[in-house]
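Just so we're on the same page: letters track the sequence lines, and every chain starts at 1. In what follows, every heavy atom counts, from backbone to side chain, and hydrogens, waters and symmetry copies are set aside.
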Amino acid sequence: MIRVRFAPSPTGSLHLGSLRTAIVNFLFARKMQASFVLRIEDTDQQRSTEESTRVILDNLQWMGITFDEGPFFQTRRITSHQEYARSLVQNHQAYQCFCPQNEGTNEAFQSKDPCRELSTQAVEANLRQHLPHVIRLRIPDTPIVFHDLIKGEVSFQGGLLEDFVIVRSDGTPTYNFAVVADDHDMGITHVIRGEDHLSNTPKQIALYHAFSWVIPYFAHIPLILGSDKTKLSKRHCDTAIEDYKEKGFLAETLFNYLALLGYTHDPANPILSKEDLIKNFSWDKVSRSASQFDLQRLYWMNKQNLDRLSEEEYLQKASSWIPDLPFTEEKKNRIALLSRNQVKVWSDLPAVFSIFQTYSLPLAEAHLLLSGNQSVSPFLAQVKNELSLSDFSLDSIQKVIEREIEQLALKKRDAMQWLRIAVTGSTVSPALYETIQLLGQEETMHRLGIFLEQRQ
RNA sequence: GGCCCCCUCGUCUAACGGUUAGGACAUCGCCCUUUCACGGCGGCAAUAGGAGUUCGAUUCUCCUGGGGGCUGCCA
């Protein structure tokens with residue numbers, strides 16, 4: 001039985017890079033019909049918070065990433081970790097180290113810790129005195145080679161790894177130790193994680209050797225970079241999932257984008273469903289190099305996804321983003337549908353509603369389009385007159401406007417833009433006839449009146 | 001510094017060792033058009049550098065350069 005896990009540490013919100021790791025785990029698990037385990041790595045007591053655990057869980061649920069087991073919490077397994085450490089010390093695979101904690105003496109690397117060869121008597125004497133100590137793994141002097149599902153063969157020279165700490169002086173296990181113990185106990189067969197863990201892998205393999213445990217498969221996913229090719233951080237853009245949720249991206253867009261970032265795909269057809277992504281998942285499609293995060297492409301993908309929604313789906317998903325206005329549901333829905341093409345993310349919705357909400361006189365730049373043209377006022381005045389007598393059906397609104405354009409021998413393109421500016425106060429709006437109808441006769445008259453007046 | 005990973009248009013990516021090095025996003029121009037958006041057509045744009053192997057290298061090998069990661073009693 002194949003078993004994989006996603007193991008975030010709850011020291012902040014879920015990062016885009018972590019999310020991609022979760023996605024790859026998820027795709028592989030579902031493709032292989034494997035068990036997917038969620039484990040919260042909270043061994044850093046200083047920085048771990050329940051709040052971020054909750055946020056991470058929420059984000060994963062929002063993304064539709066489901067688990068078969070968990071969440072398990074690493075700290076609940078401390079006694080088990082300590083058992084393992086004791087057995088390692090008994091077998092001389094690990095040893096107590098009584099050296100004082102290095103305080104920033106970032107000097108040349110010492111491969112051999114002085115406590116490594118301490119006699120049993122000396123160790124016992126120290127323990128009797130309750131001297132603070134850590135437990136270090138005794139790392140053999142042999143090269144470590146493993147096959148990574150993404151990187152291929154990776155080899156580390158022996159003798160270069162230090163005897164790293166597996167249990168801190170306060171008795172808690174360190175990350176590299178806890179991971180190995182947990183992955184083993186949980187029967188994890190494939191360890192899929194970010195490339196920042198690649199250099200940890202030989203240490204962890206040394207632990208597997210020490211315990212004579214079966215070594216799992218490893219897959220190290222390249223990192224996501226920012227626009228300057230350094231590791232993606234807040235300096236570049238938002239990195240937390242909830243930021244994208246709050247901006248009004250669809251979860252499926254983020255999933256789709258991240259799944260295809262650094263992944264071979266048909267460029268002519270980059271919008272894929274979760275099911276297709278699962279079906280087509282394969283390790284040889286995962287790029288070996290890091291990729292840059294491209295926000296513009298994410299926006300583009302979201303627009304593509306929005307365009308594919310049916311009207312019902314669109315309105316249903318849009319509903320929580322539609323501003324609270326004294327309009328009927330029907331009117332709100334009509335506005336939402338009419339303005340669809342101006343919405344790339346849901347947070348664009350309030351802006352497109354604003355022209356129906358309040359009338360503000362056009363900005364200076366819009367006025368520039370109108371200045372100097374003698375036909376603007378007569379045309380608008382005529383339209384106002386005619387519309388006031390009209391039954392305000394879509395059909396008659398259109399007929400009135402087109403008739404005036406014809407009578408004054410105007411270019412439709414120009415005249416429509418004048419009218420748009422006058423009625424909406426903006427150079428951009430949804431389709432004008434519909435917009436005018438939605439505004440209603442009274443409001444349209446009112447706005448044209450104000451506009452003509454201030455144009456005197 | 002040491003160890004490890006990586007390197008094709010600005011970005012994401014194609015290319016059994018043989019292609020005019022392809023596509024998509026972005027950008028620019030044109031068309032469509034009632035503005036925006038969509039769509040259509042077209043332009044600009046890449047094999048990091050140098051050796052080697054080979055009839056032939058984006059592809060294989062080595063060196064240099066660049067980027068990243070690890071080098072914590074963080075994960």
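B/rC3 and B/rU59 have their C1' atoms separated by 28 Å, given to the nearest Å. For B/rC9 and B/rA48, the P atoms lie 7 Å apart once the distance is rounded to whole Å. When the P atom is used for both B/rA46 and B/rU11, the distance is 12 Å, rounded to whole Å. Spacing between B/rU20 and B/rC60 at atom C1', rounded to whole Å, works out to 25 Å. Taking atom P in both B/rG67 and B/rU8, the straight-line distance is 15 Å, to the nearest Å. Remark: the separation of the P atoms in B/rG18 and B/rU35 is 49 Å, to the nearest Å. Spacing of C1' atoms, B/rC16 relative to B/rG56, comes out at 15 Å, to the nearest Å. A gap of 28 Å separates the C1' atoms of B/rG29 and B/rU47, to the nearest Å.
Ring pair A/Tyr299/A/Phe249: centre-to-centre distance below 6.0 Å.
You'll find a donor-acceptor pair under 3.5 Å spanning the side chain of A/Arg420 and the base of B/rU34, going by distance alone. The base of B/rU33 sits within donor-acceptor range of the side chain of A/Arg413, with an N or O pair under 3.5 Å. Judged by distance alone, with hydrogens and angles left aside, A/Asn341 brings a side-chain donor or acceptor within reach of the base of B/rC36, the pair sitting under 3.5 Å. Interface remark: the A/Ser289 side chain does not form any donor-acceptor pair with the B/rC7 base, using a distance-only criterion of under 3.5 Å.
Within the structure, every side-chain polar atom (N or O) of A/Gln342 is placed at least 4.0 Å from both OP1 and OP2 of B/rC36. Note on A/Gln157: a side-chain N or O is less than 4.0 Å away from OP1 or OP2 of B/rC4.
Nearest-nucleotide mapping onto RNA chain B: of A/Asp266 and A/Val154, the residue sitting toward the 5' end is A/Val154.
One can place OH of A/Tyr257 at 12 Å from P of B/rU11, the figure rounded to the nearest angstrom. Taking atom CD of A/Glu153 as the reference point, atom P of B/rC6 lies 12 Å away to the nearest angstrom. Distance, A/Leu295 CG to B/rG10 C1': 15 Å, rounded to whole Å. Between the NE2 atom of A/His147 and the P atom of B/rC5 there is a distance of 13 Å, rounded to whole Å.
Nucleotide B/rU33 is matched to nothing when pairs are restricted to Watson-Crick or G-U wobble geometry with both distances under 3.5 angstrom. Nucleotide B/rA48 is matched to B/rU64 when pairs are restricted to Watson-Crick or G-U wobble geometry with both distances under 3.5 angstrom.
Residue A/Ser339 is classed as having no contact, given no heavy-atom separation below 4.0 Å to the nucleic acid.
For the pair A/Arg77 and A/Phe72, the cation-pi test (distance below 6.0 Å, angle within 45°) is failed.
No hydrogens or angles considered: nothing links the side chains of A/Thr424 and A/Ser426 as a donor-acceptor pair under 3.5 Å.
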